[in-house]
Amino acid sequence: MNIKSEVSSICVRKSGPLEGNVRVSGAKNSALKLMAAALLAPGRSILHNVPRIADVVWMGELLAQMGCAVSHQSDTTIIDVPDEIVPEAPYEIVERMRASIVVLGPLLGRFGKARVSVPGGDDFGHRPIDMHLRGLKELGATFTTSHGYIEGRAHRLEGTRVLLEFPSVGATENLLMAAVLAKGETVIDNAAREPEIEDLASFLNGMGAVVDGAGTSTVSVEGVDSLIPVEHTVLPDRIEAATYLAAVGAVGGQVCIEGGRADHMKMFLNKLVDMGMEISSAADGIHVARLDRLHSVDVSTLPYPGVATDYQPLLLAMLSVADGIGIVTENIFGGRLRALDELVRLGADIRAEGHHVLIRGVESLSGARVRAPDIRAGAALVVAGLAAEGETIVGDAHHVARGYEDLVGRLSSLGANVTHM
Ligand code: EPU
């Protein structure tokens with residue numbers, strides 16, 4: 001897989017209205033979990049529509065270190081899982097990619113043992129995994145922690161009713177993957193409802209699992225004795241689609257986002273319509289047009305089907321140049337407002353108070369050197385740069401390559417003035 005992860009900066013110049021068609025890749029936040037889920041069955045699982053991004057390469061490396069044979073051909077990833085593996089996720093990989101914690105559920109479910117480096121703080125600050133561990137304990141696993149590693153053990157897990165304190169995406173996924181091979185029925189209450197959870201359930205059911213209710217708050221799993229490998233196509237990336245929508249929001253134009261699923265991002269699209277964008281859903285994807293300057297709106301991030309936290313930096317970028325005052329409230333990750341200071345460097349008029357942000361839209365931003373603090377904030381700075389006079393250099397662009405397949409090439413194909421440096 002050829003990825004521009006070594007690219008350190010993205011250069012953005014003020015761009016006119018965007019025109020044309022752009023295709024979205026498969027969802028990062030589904031593909032990574034499906035790769036982990038492949039561990040549940042010996043043999044060859046095949047994933048199509050896998051985004052060619054750094055995180056997918058790292059997840060492949062993690063599975064390879066465990067003893068799987070992993071190959072990537074274009075957007076297809078093939079994973080051959082042996083009968084026995086090394087059930088360990090080392091520090092070097094977990095530290096780079098927190099999502100690797102999702103191997104815990106499948107390892108305990110199938111092999112009854114797992115050794116996973118304790119995920120440290122990350123781009124959003126402190127991020128605990130207490131809900132993952134508590135749920136797995138309720139299924140019968142035991143954990144010890146030493147020398148920076150969590151060691152989990154289980155005889156065969158036993159189904160039970162688990163109530164999540166919060167609809168955590170990762171905890172729901174870990175529990176789902178652990179429960180499919182448990183003895184008896186597991187019910188996850190207050191489960192996350194994101195489309196990626198439905199994609200995971202459909203992958204697991206293709207392996208012979210019996211999962212019901214994915215996409216609702218109550219997911220039930222009837223455990224089976226063994227699973228078989230599966231061939232599956234990853235659902236489209238709603239956050240990537242949102243990034244092109246935000247780019248049109250920032251500089252105007254008319255674009256078709258091929259493969260975009262409007263039904264996976266309704267609340268976000270409603271907000272964009274409130275801001276003055278024209279959006280329609282068609283067989284080929286999402287059609288978007290923006291002719292006049294956007295109006296400001298207030299937005300709060302919430303678990304699905306609410307406006308996702310991942311859209312928040314993109315909304316900040318759009319509101320920075322919208323007409324009026326908007327208030328954005330970040331309810332999911334307390335530390336996820338790191339695009340703010342960088343947007344201020346571009347001339348945005350922003351004030352933050354706790355997890356609330358007040359943005360007074362300005363007529364125009366002005367290009368400057370900024371730094372991508374994480375994947376989505378990095379993409380949002382690229383979007384803001386399109387609306388900024390002169391040149392914006394987004395440093396630390398390796399963050400963007402973690403989650404976007406050729407963001408620069410795809411925006412350029414719409415007429416945006418963006419290049420790698
Ligand atoms: N939380 C806990 N304890 C836990 C688990 C979560 O307190 O055991 C808290 C988190 O700290 C956070 C909230 O619960 O405040 C929600 O976290 P969640 O578990 O839902 O998030 P996640 O699974 O760690 C995934 C995505 C994120 C996305 C969130 C939306 C992946 C790899 N990551 O994270 O995506 O923002 O769901 O909830 O799927 C990205 O793609 O850039 C990204 C960060």
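These values consider heavy atoms only, across backbone and side chains, with no hydrogens, waters or symmetry-generated copies. Atoms within a ligand are numbered from 1 in the order they appear, just like the ligands themselves.
For Thr301 and Glu330, the side-chain atoms include at least one donor-acceptor pair closer than 3.5 Å.
For OH of Tyr149, the number of neighbouring non-hydrogen atoms (other residues, nucleotides, ligands) closer than 6.0 Å is greater than 12.
For His232, the ring-ring contact (aromatic ring centres under 6.0 Å, His included) criterion is met by Phe203, not counting sequence neighbours. Residues passing the side-chain hydrogen bond (donor to acceptor under 3.5 Å, both in side chains) test with Thr233: none are found, sequence neighbours excluded. Applying the side-chain hydrogen bond (donor to acceptor under 3.5 Å, both in side chains) rule to Glu222 yields no partners; only residues at least two apart in sequence or on another chain are considered.
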inquiry  = Quick one, Lys28 with Glu240, criterion salt bridge (Lys or Arg N to Asp or Glu O under 4.0 Å). Give me CA distance, side-chain angles, the key distance, then yes/no.
reply    = CA-CA 9 Å; Lys28 165 180 90 76; Glu240 186 190 1; over 6 Å; no

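For ligand 1, the 4.0 Å heavy-atom shell contains residues Lys28, Asn29, Lys33, Ala99, Phe124, Arg127, Pro128, Ile129, Asp130, Met131, His132, Phe166, Ser168, Val169, Gly170, Thr309, Asp310, Ile332, Phe333, Arg336, Ile375, Arg376.
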